[in-house]
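Below, read A as the first sequence line, B as the second, and so on, with proteins coming before strands; counting in each chain starts at 1.
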There are 2 protein chains.
Amino acid sequence: MDLAFRALADPSRREIIGLLAERSRTVSELLEHFEFTQPALSKHLRLLREAGLVAVEDDGRFRRYRIVGEALGDITTWLLHYRRFWTGRLDALGGVLDREAKKGRRAR
Amino acid sequence: MDLAFRALADPSRREIIGLLAERSRTVSELLEHFEFTQPALSKHLRLLREAGLVAVEDDGRFRRYRIVGEALGDITTWLLHYRRFWTGRLDALGGVLDREAKKGRRAR
DNA sequence: TTGACGTATAACCGAAGTAGCATATACTTT
DNA sequence: AAAGTATATGCTACTTCGGTTATACGTCAA
C-alpha cells in the first residue's frame, strides 16, 4: 500500500488517474494535458504502474494505459476502517454508498 | 491532499493512525509500540499533524494525540469517485457500507 | 528550586525520490 | 534499410525521507 499512497501523493498523478478514469489513453494523449515533458510523464506512469494503479497494453506503436481498480480498492478499504472519524460526512457519504451497495446486490 | 497521501505512504504512520483510532494516546504511549526512537516518532507525528490527520492537545506535561477525521474523509471521498473500478469487491465492501449507512441513519 | 520526565527541535547521515535533458529502444511506414 | 513516431531509460543535480544523537524546553515532584 505504501506505493499506492505514495503514487497518489502527487497531483499530476492523481490527474492522470482522473483522465484514465474517463477512458483509457495513450501516453501522447495524456501528455496533451500536462505542461511537463514526455519523459517526466513516463516516469509518473512508471510509478503508477509499480503501485499497481494502472496497467499498459501495447496498441500498435502506442501504449495504452488504463486504471486497475484493485490497488485503489485496497487503500480505500483501509481508509474506510476510519470512516467513523468523519461521521459529519456520513450522511452524504452514506447515501451514496447505500445506493452503491444496492446496485452491487442487484448485479449479483 | 498531497500531504495526507504522503503521510499515509509510510507503514509506521498508518500504524499510528490505527493506534489512535482505538483511543487518543500520548507520545510515550505511542512510543511503546515502535522500535524507533522518540525523536523519530515526533517527526512522524509532525507529518501527520501537518497533513491534518491528527491533532494534539496539551495534557499536563504530556501531549495527547487524536485523529482528525476530515483529512481522511477528503481523500476517501476522492478515492470513492473511482470505486467502479473495483466493483469485484463491491459485494464485500457494499455489505459493510450498507450496514454503515443504516447505522448512520439510525443514529440520526 | 532542583532534578527527573515528556516532548520537540536541530544537525546530520545515507538512501531514495524528482526534474530536466539527452539518448536508447521499439514499432511503422516508406 | 531508413526515417519517423511513440515511449522508456540514464544521468546529473537537487530535494526529501526516515532515522540517529544531542539538546532545548516546559511541567511536575520532592
Side-chain angles (χ1 to χ4, degrees), chain A residues 1-68 71 75 78, chain B residues 1-20 22-68 71 75:
Chain A
M1 267 195 320
D2 298 33
L3 290 178
F5 274 119
R6 182 178 299 276
L8 294 175
D10 182 275
S12 302
R13 290 194 288 263
R14 286 199 302 276
E15 195 172 342
I16 291 173
I17 294 292
L19 290 166
L20 294 180
E22 298 173 5
R23 53 186 166 83
S24 75
R25 299 183 197 240
T26 67
V27 176
S28 21
E29 285 170 351
L30 285 171
L31 192 56
E32 296 170 7
H33 295 267
F34 298 99
E35 298 296 316
F36 47 66
T37 60
Q38 173 270 315
L41 175 57
S42 273
K43 285 178 186 174
H44 285 306
L45 289 170
R46 180 211 263 263
L47 288 182
L48 289 168
R49 255 188 286 128
E50 288 173 352
L53 292 164
V54 305
V56 219
E57 175 193 4
D58 280 10
D59 182 10
R61 63 179 155 170
F62 301 83
R63 310 206 72 200
R64 176 163 298 275
Y65 278 82
R66 63 181 171 79
I67 289 192
V68 173
I75 65 180
W78 185 87
Chain B
M1 264 194 321
D2 297 34
L3 291 178
F5 274 118
R6 181 176 299 276
L8 294 175
D10 181 273
S12 303
R13 288 193 290 262
R14 287 200 302 277
E15 196 173 341
I16 292 172
I17 294 292
L19 290 166
L20 294 180
E22 299 173 4
R23 53 185 165 82
S24 76
R25 300 184 198 239
T26 66
V27 175
S28 24
E29 285 169 351
L30 286 170
L31 192 56
E32 295 170 9
H33 295 266
F34 297 98
E35 298 295 315
F36 47 65
T37 59
Q38 173 267 315
L41 175 56
S42 273
K43 283 169 96 170
H44 284 306
L45 290 170
R46 179 210 264 264
L47 288 183
L48 289 168
R49 257 187 285 128
E50 288 173 352
L53 292 165
V54 304
V56 219
E57 174 193 5
D58 281 10
D59 182 9
R61 63 178 153 170
F62 300 82
R63 308 205 75 200
R64 176 161 298 273
Y65 279 81
R66 62 181 172 79
I67 289 193
V68 174
I75 66 181

Give me the residues of residues 48-62 of chain A where at least one heavy atom lies under 4.0 Å from an atom of DNA chain C, by number, or none.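 Residues of residues 48-62 of chain A under 4.0 Å from DNA chain C: A/Gly60, A/Arg61.
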Rounded off to whole Å, could you give me the [atom1]-to-[atom2] distance for the [X] and [N] pair?
{"X": "B/Phe34", "N": "D/dG19", "atom1": "CZ", "atom2": "P", "answer": "10 Å"}
{"X": "A/Asp2", "N": "C/dG17", "atom1": "CG", "atom2": "C1'", "answer": "14 Å"}
{"X": "A/Glu29", "N": "D/dA6", "atom1": "CD", "atom2": "P", "answer": "11 Å"}
{"X": "B/Leu41", "N": "C/dG6", "atom1": "CG", "atom2": "C1'", "answer": "12 Å"}

Looking at [N], I'd like to know if its phosphate oxygens (OP1 or OP2) sit under 4.0 Å from a side-chain N or O belonging to [X].
{"X": "A/Arg46", "N": "D/dA8", "answer": "no"}
{"X": "B/Ser28", "N": "C/dG6", "answer": "no"}
{"X": "B/His44", "N": "D/dG19", "answer": "yes"}
{"X": "A/Arg25", "N": "D/dT7", "answer": "no"}
{"X": "A/Arg6", "N": "C/dG17", "answer": "no"}

Hey, does A/Asp10 reach any base, or is it just sugar-phosphate, or nothing, if we go heavy atoms under 4.0 Å?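 No contact.
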B/Arg64 near the nucleic acid: base, sugar-phosphate alone, or nothing, with a heavy-atom cut-off under 4.0 Å?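 Touches nothing.
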Quick one: pull up OH in A/Tyr65 and CZ in A/Arg49 and give me the separation to the nearest 0.5 Å.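 Separation between the atoms: 4.0 Å.
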Which is more 5' along DNA chain C, the nucleotide nearest A/Ala40 or the one nearest A/Leu3? Just name the residue.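 Of the two residues, A/Leu3 wins.
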Would you kindly compare B/Pro39 and A/Phe36 by the position of their nearest DNA chain C nucleotide and give the one closer to the 5′ end?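 Per heavy-atom nearest nucleotide, the more 5' residue is B/Pro39.
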So, A/Gln38 versus A/Ser42: side-chain donor-acceptor pair below 3.5 Å or not?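 Checked: A/Gln38/A/Ser42 side chains pair up, N/O donor to acceptor below 3.5 Å.
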Which nucleotide in [options] has an atom nearest any side-chain atom of [X]:
{"X": "B/Ser42", "options": "D/dG18, D/dA8, C/dT9", "answer": "C/dT9"}
{"X": "B/Tyr65", "options": "D/dG19, D/dG18, C/dA8", "answer": "C/dA8"}
{"X": "A/Leu47", "options": "D/dA8, D/dG18, C/dT18", "answer": "C/dT18"}

Does A/Gln38 make a side-chain donor-acceptor contact with the base of D/dA6, cut-off 3.5 Å?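 Absent.
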